[in-house]
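To keep things clear, I will list the structure first and then write my remarks on it.
In what follows, chains are A, B, ... by sequence order, proteins preceding strands, each numbered from 1. Basis for what follows: all heavy atoms, side chains included, without hydrogens, waters or symmetry-related copies. In this text the structure is predicted, and so the values were computed from the model without any measurement.
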Amino acid sequence: MTKAEMSSSSDESVPLSESIKRKHENINYDLDSDYDSDDALSKQPKKKKKSKKHKNKKIKIKEESEESDDDEAISKKLEKKKKKKSKEKTVEKETDSLSKTIKKENSKSNVKKEEEEEEQQQQQQAEDSKEESYKWWEDDKTNDEGWKSLVHNGVMFPPDYKPLPSHIKLYYDSQPVELPPEAEEVAGFYAALLETDHGKNPVFQKNFFHDFLQVLKENKGTLNGIEIKSFDKCDFSKIHAYFELLKEEKKKMSAQERKQLRLERQKEEEPYKFCELNGRREQVGNFRVEPPDLFRGRGKHPKTGKLKRRVQPEDIVLNLSKDAPIPVPPEGHKWGEIRHDPTVQWLAMWRENIFDSFKYVRLAANSSLKGQSDLKKFEKARELKKHIDTIRKDYRRNLKSKIMLERQKAVAIYLIDVFALRAGGEKSEDEADTVGCCSLRYEHVTLQPPNIVVFDFLGKDSIRFYQEVEVDKQVFKDLIIFKRPPKQPGHQLFDRLDPSILNKFLQSYMPGLTAKVFRTYNASKTMQDQLDLIPNEGSVAEKLLRYNAANRTVAILCNHQRSVTKGHAQSVQKANARIKELIWQRIRLKKAILQLDKKQRKKNPKYFSEIDDLTKEDEIEIHEKIIERETEKYHRKFLRENDKRKFEDEELLEEKVLNEWLEKVEALKEEFKEELKTGKVEIKPALNTVEKLEKQIERLDLRIETSSIQLKDKQENSEVSLGTSKINYIDPRLSVVFCKKFGVPIEKIFTKSLREKFTWAIESVDENWRF
DNA sequence: GTTATAACTTAGTAACGTGTAG
DNA sequence: CTACACGTTACTAAGTTATAAC
């Protein structure tokens with residue numbers, strides 16, 4: 001990998017506040033020269049010049065006090081709804097408090113009762129949403145002017161910091177350190193990540209430590225005079241161990257405690273979960289303000305580990321109707337600003353301190369606003385169908401254009417269209433070095449005549465894009481030209497291009513056409529084509545497998561990856577072993593058949609041939625595995641049983657009992673030994689005829705097949721993430737049509753939340769719909 | 001044109017919770 | 001019935017793009 005080394009030193013020895021504000025100098029480039037006369041380097045090397053301007057506009061507070069009287073209408077409305085609900089719940093509440101008093105004597109029935117209540121609540125909610133659901137997709141009026149009214153309760157703040165117990169401390173040079181709570185919190189953020197990749201990353205450590213010292217300084221240093229200077233002398237392990245302990249305790253919590261906690265949580269977030277948009281109740285998405293933490297940048301991020309500071313109400317801008325009641329800010333605080341901008345979709349926003357960019361609180365994915373944008377996105381992609389032929393014809397022609405800019409545009413669009421590359425905007429120094437189409441550099445493509453191209457670069461989220469592909473002959477020639485000396489590593493391949501030039505050009509074909517539309521278009525198109533190939537036959541499970549295979553093609557096209565889970569290799573191994581064992585069982589049954597009737601082998605040699613494939617070593621291995629498993633089983637059973645008895649004050653089982661159990665295993669072991677020696681198998685007495693054995697074998701065949709298919713699926717999916725394309729790229733109507741036509745329940749394909757997000761698709765499409 | 005800003009979509013993963021094998 | 005693997009959701013980082021400002 002030739003990833004350019006990034007200087008991550010820019011923040012060293014600069015106080016936090018300074019580093020946030022600092023502007024990078026703008027560098028002047030010589031931009032004029034004439035490319036076509038071969039001065040390819042006019043812009044090269046393209047230094048990262050995007051400087052971070054920090055407006056630090058103090059968010060002004062517009063006083064909106066006069067408005068508060070007009071709110072009544074809406075608040076009344078809200079109240080009415082609440083009343084309706086609370087009326088229904090008063091009864092429940094009474095029984096609730098009642099049951100609480102009985103709780104101690106009769107906790108079991110209480111759990112049941114609570115469960116019932118919750119079920120009722122959920123049903124109630126489901127009914128509510130059904131009754132209120134607004135089918136915007138059946139409306140033809142378009143809401144171009146933005147929302148008409150927006151009423152909400154603001155945002156939910158994370159809890160205040162709770163200092164560690166006094167015996168849990170940071171150690172410096174083996175001395176306990178008394179930290180002010182503000183600094184202790186930051187130390188805790190790091191301690192929590194101590195054993196993770198982040199915690200071990202030197203850049204992360206450096207950035208964390210810098211900001212940690214800064215916070216310490218802001219709070220007048222340690223309380224016991226210890227001066228912290230070196231990261232290496234800091235020992236976070238006690239804090240880390242304490243967090244681990246907390247985790248353990250949390251794991252051990254009983255069902256009731258969990259439920260209690262969940263109920264509390266639900267109650268707390270209740271006011272924030274919904275808002276009223278144009279008079280209708282809609283779900284809010286991320287109503288929780290992001291809690292302070294260490295910034296976990298992905299890939300080689302220069303800023304990873306920096307402190308993401310706590311957001312105060314004063315940092316937050318709320319956006320709502322003029323006549324909406326203004327949510328009450330937390331005690332002793334004021335909102336940064338109240339705004340009434342119906343042209344935007346956010347309910348609240350704040351500026352974060354890592355990049356000085358904005359974070360928004362917006363509606364949930366199942367909201368009408370998001371749904372409408374989504375539909376619009378897919379309709380735009382479908383619109384591209386009408387233009388794609390022209391566009392392709394044009395870029396093929398322009399691959400040979402005399403004008404270099406045209407040639408670059410042509411190649412870029414080719415890459416975006418064929419390999420689903422992203423636009424590739426410019427990035428600044430203090431971000432990870434990742435690229436897309438327009439920002440590809442010399443070192444990211446290797447050319448192997450006659451027309452093989454190797455792409456190797458880090459894309460969004462520092463996910464590697466590696467592909468060896470054959471390209472159009474002319475594209476290959478153009479890439480040679482784009483890489484011609486004096487260009488060298490570090491130089492831009494498309495030195496005349498950026499996404500805005502490209503997008504402007506694309507708009508000439510179709511209004512609203514941009515680079516990203518190609519990804520949506522090609523993803524959905526691919527899905528349609530793949531689904532068309534699926535025959536309408538077989539079980540639902542088979543159809544699902546086919547659907548997932550189609551989904552996977554799309555995910556691969558879009559390079560949607562996921563890291564293999566830690567247990568993956570192991571679980572594949574386990575599954576393999578399981579299959580091996582099943583085969584072994586099958587072989588044993590076949591042997592048993594031959595023991596009953598030797599002539600069978602002559603009749604069907606192929607059927608029995610696998611018997612010879614089983615080696616002694618394999619057999620021994622399987623035997624050992626089974627013995628091991630059985631032994632473990634009894635040990636576990638023993639421990640569990642005694643745990644239970646201890647708890648219930650009963651007499652404990654003696655070691656003797658365990659040994660008795662284990663004798664069974666010993667017996668099995670002997671049997672296996674015997675079997676190995678003589679080659680004779682002993683099968684359950686019930687299976688005493690050839691027919692019965694054959695039937696059993698048939699069953700095994702089936703199990704082996706399904707296990708094998710599942711395993712294959714699992715392996716093929718281990719590095720591919722299907723979710724992203726399902727959520728963002730594949731027109732949901734394709735999936736709906738598939739389900740309708742093939743008799744597959746939609747629940748098999750869309751989870752509950754996806755069904756809510758895609759209700760517009762589920763309810764609006766008949767089975768003849770095509771992308 | 002270039003650069004900055006704002007607002008929106010897309011993305012992987014950690015945390016959570018649930019179904020199911022044993 | 002439990003344990004645990006696995007699917008789902010919550011979270012927030014990291015993109016794109018339109019538009020304003022220079």
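When distances are taken from the side chain of A:Phe295 to each of C:dA14, B:dA7, B:dA11, the shortest belongs to C:dA14. Each of C:dA13, B:dT9, B:dT10 was ranked by its minimum atom distance to the side chain of A:Thr520; first place goes to B:dT10. The listed nucleotides are C:dT9, B:dA11, B:dT9; the one nearest the side chain of A:Arg519 is B:dA11. If you check B:dC8, B:dT9, C:dC11 against the side chain of A:Ser373, the one that comes closest is B:dT9. Candidate nucleotides C:dG15, C:dT16, C:dA14 were compared by shortest atom distance to the side chain of A:Ala423, and C:dT16 ranks first. The listed nucleotides are B:dA11, C:dA14, B:dG12; the one nearest the side chain of A:Phe355 is C:dA14. With C:dT17, B:dA7, C:dG15 as the candidates, the nucleotide lying closest to the side chain of A:Arg422 is C:dG15. Closest contact between the side chain of A:Glu290 and the listed nucleotides B:dT9, C:dT12, C:dT17 involves C:dT12. Relative to the side chain of A:Arg362, the nucleotides B:dT9, C:dT17, B:dT10 differ in distance, and B:dT9 lies closest. For A:Phe358, taking side-chain heavy atoms from C-beta onward, the closest of the listed nucleotides B:dA6, B:dA11, C:dT17 is B:dA6.
For B:dA6, one of the phosphate oxygens OP1 or OP2 lies less than 4.0 angstrom from a side-chain nitrogen or oxygen of A:Arg351. Proximity of A:Thr724 to the phosphate of B:dT10: no side-chain N or O atom is located under 4.0 Å from OP1 or OP2. A sub-4.0 Å separation between OP1 or OP2 of C:dA18 and a side-chain N or O of A:Gln507 is present. OP1 or OP2 of C:dT17 has not a single side-chain nitrogen or oxygen of A:Ser500 nearer than 4.0 Å. Between A:Arg288 and the phosphate of C:dC11, there is a side-chain N or O to OP1/OP2 separation shorter than 4.0 Å. For the OP1/OP2 pair of C:dA14 and a distance below 4.0 Å, the side-chain nitrogens and oxygens of A:Thr434 include no atom meeting the criterion. For the pair A:Lys250 and B:dA15, the criterion of a side-chain N or O lying under 4.0 Å from OP1 or OP2 is not met. Residue A:Ser753 places at least one side-chain N or O closer than 4.0 Å to OP1 or OP2 of C:dT9. One finds a side-chain N or O of A:Thr751 lying less than 4.0 angstrom from the OP1 or OP2 phosphate oxygen of C:dT9. Taking 4.0 angstrom as the limit, A:Asn503 places a side-chain polar atom (N or O) nearer than this to OP1 or OP2 of C:dT17. Considering only side-chain N and O atoms, A:Lys303 lies nowhere under 4.0 angstrom from the phosphate OP1 or OP2 of C:dA13. Taking side-chain N and O atoms only, A:Ser563 has no distance below 4.0 Å to OP1 or OP2 of B:dG12. For A:Arg296, no side-chain nitrogen or oxygen approaches OP1 or OP2 of B:dT13 to under 4.0 Å. For C:dA13, neither phosphate oxygen OP1 nor OP2 lies less than 4.0 angstrom from any side-chain nitrogen or oxygen of A:His301.
As a whole-Å value, the separation of A:Arg464 CZ from B:dA11 P is 19 Å. Atom pair A:Gln266:CD and C:dT9:C1' shows a separation of 14 Å (rounding to whole Å applied). Between the P atom of B:dT10 and the CG atom of A:Leu421 lies a distance of 17 Å, rounded to the nearest Å. One interatomic measurement links the two molecules: CG of A:Asp293 to P of C:dA10, which rounds to 19 Å at whole-angstrom precision. Between A:Asn728 atom CG and C:dT16 atom P the separation is 14 Å, expressed in whole Å. Following rounding to the nearest Å, A:Tyr272 (OH) and C:dC11 (P) show an atom-to-atom distance of 15 Å. If you take NZ of A:Lys359 and P of C:dA13, they are 4 Å apart, rounded to a whole angstrom.
For A:Ser753 and A:Asn366, the side-chain atoms include no donor-acceptor pair closer than 3.5 Å. Judged purely by distance below 3.5 Å, without hydrogens or angles, the side chains of A:Glu352 and A:Ser357 pair a donor atom with an acceptor atom.
Ring orientation note: the planes of A:Phe465 and A:Phe457 are close to parallel, at an angle under 30° on the 30°/60° scale. Ring pair A:Phe287/A:Tyr272 is parallel by interplanar angle, where below 30° counts as parallel and above 60° as perpendicular.
With A:Thr434 as the fixed residue, the side chain to side chain donor-acceptor pair (under 3.5 Å) test singles out one of A:Arg464, A:Arg422, A:Lys427, A:Lys300: A:Lys427. Each of A:Arg298, A:Arg296, A:Arg562 was evaluated against A:Asp461; a single residue qualifies, A:Arg298, per the salt bridge (charged side-chain N to carboxylate O under 4.0 Å, His left out) test.
To the nearest 0.5 Å, the span separating CD1 on A:Ile749 from CG on A:Asn548 amounts to 7.5 Å.
Mapped onto DNA chain B by nearest heavy atom, A:Val344 and A:Gln561 fall at different nucleotides, with A:Val344 at the one closer to the 5' end.
Residue-to-nucleotide contacts include no donor-acceptor pair under 3.5 Å from the side chain of A:Lys516 to the base of B:dT10.
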